[in-house]
There are 2 protein chains.
Amino acid sequence: MSGKKLSGAVERRSGVALWRQIADAIRQSIADGEFEGMMPGEIALAARFGVNRHTVRAAIAALVEEGLLDSVQGRGTLIRRQTRFTFPITRRTRFSEGLAGQSSSRDIRLVAEERIEADSMLASALGVELGVELLRLTLVSRADGTPVSTSINHFDAARFAGMAAAVRDTGSITRAYAELGVTDYIRLTTELTARLADERERLLLELKPGAVVMEARAVNATPDGAPIQYAVTCFAADRVTLKLDMPV
Amino acid sequence: MSGKKLSGAVERRSGVALWRQIADAIRQSIADGEFEGMMPGEIALAARFGVNRHTVRAAIAALVEEGLLDSVQGRGTLIRRQTRFTFPITRRTRFSEGLAGQSSSRDIRLVAEERIEADSMLASALGVELGVELLRLTLVSRADGTPVSTSINHFDAARFAGMAAAVRDTGSITRAYAELGVTDYIRLTTELTARLADERERLLLELKPGAVVMEARAVNATPDGAPIQYAVTCFAADRVTLKLDMPV
DNA sequence: CGAACTTGTCTAGTTAAATAGACAAATGGA
DNA sequence: TCCATTTGTCTATTTAACTAGACAAGTTCG
């Protein structure tokens with residue numbers, strides 16, 4: 001409702017093909033609720049964007065491929081129901097709890113496990129000495145089978161040696177912590193930015209080129225404020241809205 | 001430090017020209033601190049991305065145009081110093097205060113002023129009746145002359161009739177509020193997402209096509225929790241990192 | 001200076017994107 | 001059933017993007 005219109009604004013020679021610009025604009029318009037149920041006809045859309053009908057068809061074909069639209073000869077192009085998760089970020093952020101009411105299944109999968117030495121940045125974030133051995137876990141979180149986020153997590157290797165196995169067994173960070181004796185934890189700080197998804201993220205999150213991710217760098221700590229986890233989480237921007245609740 | 005590498009991953013037939021994909025990858029690599037001072041030579045970059053040298057040159061030309069790089073014949077391509085602002089989002093979020101230590105000048109400019117009727121979404125966010133007259137102000141915030149964010153703000157028109165003039169005069173939301181008798185305000189909630197910038201945002205924020213914005217939808221209130229402002233703010237993702245401090 | 005590197009410019013050819021128009025095939029309603 | 005409207009498919013042409021190679025022009029350093 002921010003006053004946006006589907007302005008027929010496509011730029012030529014911008015390095016982004018017209019059909020992709022149009023696909024992006026249609027996707028956003030649907031997200032904004034401008035279109036519902038049925039799309040306008042291809043000829044109408046072509047006129048609106050000031051391009052040939054075949055160019056619009058290429059855009060629609062891409063969105064059909066994405067699963068957002070469904071074209072039926074003789075009828076028109078239908079808009080498929082799209083769900084967008086709302087993920088709360090608070091002092092007590094938990095992946096599974098956050099999406100509990102919005103999805104029927106959640107799971108966290110371990111995709112990589114490494115041991116590295118703390119550089120200056122990690123050392124200060126986790127409050128350990130430079131060069132201390134750290135455990136680095138790469139995870140992918142899904143809701144209803146759809147990848148929502150992927151994260152790279154750092155822990156003190158000495159204290160959390162069994163973390164990888166615990167995450168694999170429980171499918172949950174919170175439960176893995178519990179197995180290792182951490183019954184509660186809080187989030188100290190979160191830094192957010194957004195950018196285009198890189199190759200690794202596109203693979204893990206099953207995204208198309210040109211997709212946008214939100215990157216959150218967070219420090220988790222025990223309730224007394226001692227850091228235990230440094231996490232860089234990438235959310236698929238078109239699948240999730242981050243909700244920051246400010247406690248009054 | 002999230003383990004990213006400048007993997008030579010460019011996708012053909014993706015609707016995004018190779019030179020633009022490469023420009024995006026280089027921009028991100030510089031932001032990640034992978035390159036400093038001088039870029040590798042064009043021939044090395046071409047080999048890395050698996051494309052022709054002329055394609056790399058097109059990418060570099062775009063980044064030179066952006067002001068991020070500077071090519072010198074015979075010497076090479078220099079990386080220009082780039083500053084990224086860190087913008088804190090807390091219960092007491094203030095634009096000018098947030099960037100005070102990072103920039104020598106801040107200003108907020110009023111670019112549009114409208115009166116609209118509250119739809120159901122705005123009415124519930126602001127706690128007013130459906131159809132109540134609202135003031136809609138479009139603002140652009142700059143730091144050191146660089147556009148950082150643009151916002152669309154809604155206020156109860158009856159209570160904040162002089163808001164537009166106050167913002168124009170003071171160049172600050174906080175001071176404008178003060179002129180209208182609101183000495184303090186807090187942020188109730190913030191919803192974040194990210195996407196490609198649309199035409200309007202590219203114009204206001206002086207962005208290139210393909211640039212990413214973070215969209216924050218926030219409700220501000222008086223200290224007792226009564227909503228007074230509904231704001232949709234778009235941040236230029238490559239110019240700012242949002243920092244969410246979780247109060248312990 | 002001169003060798004070894006860099007970016008800048010040129011021509012030529014290939015591949016992908018976009019335009020243009022015509023017509024087929026399916027749908028839904030009068 | 002007939003007709004208007006929709007998406008689907010085809011051919012042809014133009015324009016932009018990419019590749020390939022050669023060479024000029026500027027910088028650095030021994």
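Proteins come first, then strands; the chains are lettered A, B, ... in the order of their sequence lines, and each starts at number 1.
Using a 4.0 Å heavy-atom criterion, one finds that A/Arg57 contacts the bases of the nucleic acid, with or without backbone contacts as well.
Proximity of B/Thr77 to the phosphate of C/dT7: a side-chain N or O atom is located under 4.0 Å from OP1 or OP2. Proximity of B/Arg12 to the phosphate of D/dT19: a side-chain N or O atom is located under 4.0 Å from OP1 or OP2. B/Arg75 has no side-chain polar atom (N or O) that falls below the 4.0 Å cut-off from OP1 or OP2 of C/dT6.
Looking at A/His54, its side chain has no donor and acceptor atom pair within 3.5 Å of the base of D/dG8.
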>> Run the salt bridge (Lys or Arg N to Asp or Glu O under 4.0 Å) test on B/Glu206 and B/Arg239 for me, step by step, so that the C-alpha distance in whole Å, both residues' side-chain angles and the decisive distance to 0.1 Å come before the verdict.
In response: CA-CA 11 Å; B/Glu206 299 168 15; B/Arg239 293 178 194 158; 5.7 Å; no
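Comparing A/Gly41 and A/Gly15 against DNA chain D, the residue whose closest nucleotide sits nearer the 5' end is A/Gly41. Comparing A/Val56 and A/Gly74 against DNA chain C, the residue whose closest nucleotide sits nearer the 5' end is A/Val56.
Rounded to whole angstrom, the span from the CG atom of A/Leu69 across to the P atom of D/dT7 amounts to 11 Å. Distance, A/Leu78 CG to C/dT27 C1': 12 Å, rounded to whole Å. Rounded to a whole Å, the CD1 atom of B/Ile60 is 11 Å from the C1' atom of C/dT6. Separating the CG atom of A/Leu63 from the P atom of D/dT7 is a distance of 14 Å, rounded to the nearest angstrom. Atom C1' of nucleotide D/dC18 and atom CD of B/Glu11 are separated by 17 Å, given to the nearest angstrom. Atom-to-atom, CG of A/Leu45 to C1' of D/dT5 comes out at 15 Å; the value is rounded to the nearest Å. Atom C1' of nucleotide C/dA22 and atom CG of A/Asn52 are separated by 13 Å, given to the nearest angstrom. Rounded to a whole Å, the CZ atom of B/Arg13 is 10 Å from the P atom of C/dT15.
Considering only side-chain atoms of B/Gln73, the nucleotide from D/dA17, D/dG26, C/dT19 that sits closest is D/dG26. Proximity note for B/Arg53 (side chain, C-beta onward) versus C/dT9, D/dT9, C/dA17: the nearest is C/dT9. Comparing C/dA18, D/dT7, D/dC18 by their closest approach to the side chain of A/Thr55 singles out C/dA18.
Checking side-chain atoms of B/Glu42 against main-chain N and O of B/Val56 turns up no donor-acceptor pair under 3.5 Å. Without hydrogens or angle criteria, A/Asp119 side chain to A/Met121 main chain gives a donor-acceptor distance under 3.5 Å.
Around atom CZ of B/Arg13, no more than 12 heavy atoms belonging to other residues, nucleotides or ligands sit under 6.0 Å away.
Applying the side chain to side chain donor-acceptor pair (under 3.5 Å) definition to pairs two or more places apart or across chains, those involving residues 59-68 of chain B are B/Arg27-B/Glu66.
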